[in-house]
Amino acid sequence: MEFPFNDAPNTAVITCSHVVEKHRPILYVSHDEDDGMWQFLCGKQHDESEARIVSLYYIFMLDHSIAELARLPYGYAAERESIETEWIIRKK
Ligand SMILES: [Zn+2]
């Protein structure tokens with residue numbers, strides 16, 4: 001599968017300890033308006049100590065289903081209830 005994002009594969013993105021260390025599914029994706037930062041989170045509430053910085057390529061290799069969100073505009077977020085359900089996209 002080709003890398004689907006416009007951003008470079010080595011772009012730094014925010015994820016959480018649950019996704020990278022506990023292998024929880026990615027259920028919340030945000031593409032921030034102000035700085036274009038991507039966030040790929042497990043969907044729970046977080047404090048700062050649970051934030052992790054990884055590359056966009058790393059996240060893509062972890063879960064190819066985020067390819068669907070490669071064109072998510074700035075200022076939008078996507079959520080799903082589980083990896084089997086559809087992404088619901090909304091403006092933040
Ligand atoms: Zn988490």
Side-chain angles (χ1 to χ4, degrees):
M1 191 176 195
E2 240 176 275
F3 190 70
F5 290 85
N6 285 331
D7 305 82
N10 66 355
T11 301
V13 303
I14 296 173
T15 183
C16 64
S17 56
H18 314 109
V19 169
V20 293
E21 288 153 28
K22 299 190 171 149
H23 309 289
R24 299 243 186 95
I26 296 164
L27 300 180
Y28 176 87
V29 176
S30 157
H31 200 188
D32 295 342
E33 176 95 71
D34 48 351
D35 54 6
M37 180 65 101
W38 288 95
Q39 298 189 46
F40 298 90
L41 305 174
C42 69
K44 302 272 188 287
Q45 295 296 316
H46 296 94
D47 61 47
E48 269 180 48
S49 69
E50 294 167 318
R52 297 289 182 274
I53 302 287
V54 297
S55 70
L56 187 55
Y57 185 75
Y58 178 95
I59 284 288
F60 174 63
M61 293 311 284
L62 209 63
D63 182 354
H64 278 19
S65 75
I66 63 163
E68 276 180 57
L69 301 174
R71 299 288 176 270
L72 190 68
Y74 294 128
Y76 281 76
E79 282 178 278
R80 58 183 174 178
E81 293 207 358
S82 76
I83 53 170
E84 280 95 38
T85 59
E86 294 292 311
W87 290 105
I88 296 164
I89 295 171
R90 62 178 172 80
K91 203 171 185 344
K92 295 212 293 179

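Each residue takes its place number in the sequence, starting with 1. For ligands, and for the atoms within them, numbers begin at 1 and follow the listed sequence. All values below come from the heavy atoms of this structure, side chains included, with hydrogens, waters and symmetry mates left out.
Formation of a donor-acceptor pair under 3.5 Å by the His31 side chain with backbone atoms of Leu72 is found in this model. Side-chain atoms of Arg24 never come within 3.5 Å of backbone atoms of Ser17 as a donor-acceptor pair (strictly under, hydrogens ignored).
Shown here are the salt bridge (Lys or Arg N to Asp or Glu O under 4.0 Å) partners of Glu50, two or more places apart in sequence or in another chain: there are none. Remark: Phe60 pairs with Phe3, His64 by the ring pair (Phe, Tyr, Trp, His ring centres under 6.0 Å) rule, at least two apart or across chains.
Annotation: protein N, O or S atoms under 2.8 Å of the Zn ion (ligand 1) (waters excluded) comprise Cys16 SG, His18 ND1, Cys42 SG, His46 NE2.
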Residues 5-12 side chain polar contacts: donor-acceptor under 3.5 Å, at least two apart:
| residue | atom | partner | partner atom | Å |
| --- | --- | --- | --- | --- |
| Asp7 | OD1 | Trp38 | NE1 | 3.1 |
| Thr11 | OG1 | Ala8 | N | 3.2 |
| Thr11 | OG1 | Ala8 | O | 2.6 |

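Ile66 is not connected to Ile14 by any chain of hydrophobic side-chain contacts under 4.5 Å among Ile, Leu, Val, Met, Phe, Trp and Tyr, and they are in different clusters.
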